[in-house]
Amino acid sequence: MLSAPAPRAWQRMLSGRRLDLLDPSPFDIEIEDIAHGLARVARWNGQTIGNAPFSVAQHSLIVEQILDHLYDDLPAHERLMALLHDGPEYVIGDMISPFKTAIGTDYKKIEERLEVAIHLRFGLPAHPCARLKKQIKKADRISAYFEAIHLAGFEMDEAADLFGRPSAITAQCLDFTPWDTQKAETTFLDRFAQLAAHIG
C-alpha cells in the first residue's frame with residue numbers, strides 16, 4: 001500500500017522562489033518578498049482604527065526608529081536586524097502572543113529557522129546577541145504600547161500592564177497613522193537599502 005505524499009511545506013513567492021517553511025534556505029529569500037508580505041500583514045489581527053490596516057512593515061520601521069532614538073550609536077547591521085525582527089511574519093503571519101502561547105514550541109522553532117535564514121541571506125549573524133535582543137525587545141514593547149492605545153482601543157493603564165509605560169520617548173516622535181500597503185512596502189525597501197549600504 002502506497003503511503004500518502006508528505007504535505008506541501010513550501011510557499012511560492014512573487015519573486016518565483018519556493019521557500020520551504022520547515023527547512024528554509026537563505027538562497028530562497030528575497031527582500032522584495034519580505035517587504036511585500038510584511039506590508040500586507042496586519043498587526044493586532046487587523047483590529048485597529050483607520051481605513052488601512054497597521055502593517056508589520058510599518059511597525060518594523062517604527063521599532064528601528066525607536067531603537068535609533070534610544071541607542072544612537074548602534075552599527076548599521078544591528079539596526080538592520082531590528083528592521084527585520086519580524087521578518088518571518090512575511091510567510092507565517094503576525095500571530096498575537098496569546099495564540100503563540102497556545103500553539104507552543106513548534107511555532108517558535110519554525111519562526112527561529114526562518115529568522116536564521118533571513119539573517120544569513122543578508123550577511124547578518126544568525127541571531128542577535130543577548131544585548132541587542134534585549135534592546136530590540138524594549139523598542140518592540142514601546143511600539144506595542146503606543147499601537148495599543150492609539151490604534152487598538154486599549155486604555156493606557158491596560159497597555160502599561162501588558163507592555164510597560166515608556167519613559168524615554170513619546171508618540172509625537174513617531175507616525176502611527178496606518179499607511180497603505182504600497183507606501184509601507186516602498187518605505188521598508190528604502191530603509192533596508194539605506195542600512196544595507198553601510199554594512200561592510
Side-chain angles (χ1 to χ4, degrees), residues 11-21 24-43 52-95 110-129 131-144 146-147 169 173-200:
Q11 178 175 342
R12 184 181 179 87
M13 303 297 165
L14 287 180
S15 65
R17 300 288 189 184
R18 289 188 178 187
L19 181 64
D20 187 332
L21 302 186
S25 167
F27 297 107
D28 290 325
I29 289 170
E30 302 292 347
I31 191 58
E32 291 80 10
D33 293 332
I34 294 174
H36 186 82
L38 294 185
R40 287 157 177 77
V41 174
R43 293 270 293 169
F54 185 75
S55 72
V56 174
Q58 187 175 354
H59 162 79
S60 299
L61 287 156
I62 289 173
V63 168
E64 192 262 327
Q65 187 179 354
I66 292 171
L67 194 79
D68 182 51
H69 179 86
L70 297 176
Y71 315 101
D72 60 3
D73 59 344
L74 294 181
H77 77 276
E78 293 191 349
R79 292 165 65 180
L80 185 56
M81 281 194 279
L83 183 69
L84 295 169
H85 79 280
D86 280 336
E89 294 179 7
Y90 87 105
V91 285
I92 59 178
D94 180 26
M95 294 186 186
I110 292 171
E111 189 177 47
E112 287 176 356
R113 288 183 196 133
L114 284 164
E115 178 184 70
V116 169
I118 290 169
H119 284 184
L120 295 180
R121 169 64 178 84
F122 302 118
L124 300 170
H127 299 288
C129 66
R131 183 262 309 159
L132 179 60
K133 188 172 183 178
K134 184 176 180 181
Q135 290 172 327
I136 293 173
K137 187 64 176 177
K138 180 177 180 178
D140 189 47
R141 289 173 68 84
I142 291 172
S143 184
F146 289 129
E147 292 168 32
I169 192 169
C173 304
L174 308 162
D175 183 7
F176 288 98
T177 306
W179 298 340
D180 64 64
T181 55
Q182 190 58 57
K183 180 176 180 179
E185 179 176 346
T186 300
T187 308
F188 186 94
L189 283 171
D190 288 347
R191 186 58 181 154
F192 174 89
Q194 290 169 359
L195 292 171
H198 290 89
I199 296 176

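The basis for the numbers below is simple: all heavy atoms, side chains too, and nothing from hydrogens, waters or symmetry mates. Note that the structure is a prediction, hence the values are computed from the model and not measured.
- The shortest side-chain heavy-atom distance between F188 and I34 falls under the 4.5 Å cut-off.
- Contact detail for D175 and W179: the closest heavy-atom pair is OD2-NE1, 3.2 Å.
- With sequence neighbours excluded, the residues satisfying salt bridge (charged side-chain N to carboxylate O under 4.0 Å, His left out) with R131 are E78.
- Nearest heavy-atom pair across M81 and P125 is CE-CD, 4.0 Å.
- S60 is linked by a side chain to side chain donor-acceptor pair (under 3.5 Å) to nothing, counting only residues two or more places apart in sequence or in another chain.
- Side chains of H127 and E115 form a contact here, defined as non-hydrogen atoms less than 4.5 Å apart.
- Ring centers of H85 and H59: under 6.0 Å apart, within the cut-off.
- Distance check: L38 CG to L61 CG gives 9.5 Å after rounding to the nearest 0.5 Å.
- Residues satisfying the side chain to side chain donor-acceptor pair (under 3.5 Å) test with S15, not counting sequence neighbours, are D33.
- For Y71, the side chain to side chain contact (heavy atoms under 4.5 Å, CB included) partners two or more places apart in sequence, or in a different chain, are L67, D73, L74, Q135, K138.
- Take E30 and apply the salt bridge (charged side-chain N to carboxylate O under 4.0 Å, His left out) test, not counting sequence neighbours, and it matches R17, R121.
- Scanning for side chain to side chain donor-acceptor pair (under 3.5 Å) contacts around D20 gives an empty result, with sequence neighbours left out.
- Residues satisfying the salt bridge (charged side-chain N to carboxylate O under 4.0 Å, His left out) criterion with R79, sequence neighbours excluded, are E64, D68.
- Relative orientation of the F146 and F176 rings is tilted, given thresholds of 30° and 60° on the angle between their planes.
- Of all heavy-atom pairs spanning Q194 and H198, the tightest one is O-ND1, 2.8 Å.
- Counting all heavy atoms, side chain and backbone alike, I118 lies closest to G87 at CD1-C, 3.6 Å.
- To the nearest 0.5 Å, atom CD1 of residue I92 and atom CD of residue E111 are 5.0 Å apart.
- Scored by the side chain to side chain contact (heavy atoms under 4.5 Å, CB included) test, S55 finds A57, Q58, A184 as partners (sequence neighbours excluded).
- Every side chain to side chain contact (heavy atoms under 4.5 Å, CB included) that Q65 has, sequence neighbours left out, goes to L174.
- The side chain to side chain contact (heavy atoms under 4.5 Å, CB included) test applied to A117 returns P24, P26, I29, not counting sequence neighbours.
- Under the side chain to side chain donor-acceptor pair (under 3.5 Å) criterion, H69 pairs with no residue at all, not counting sequence neighbours.
- Contacts classified as salt bridge (charged side-chain N to carboxylate O under 4.0 Å, His left out) and involving residues 176-187 (residues at least two apart or in different chains) are given here: R40-E185.
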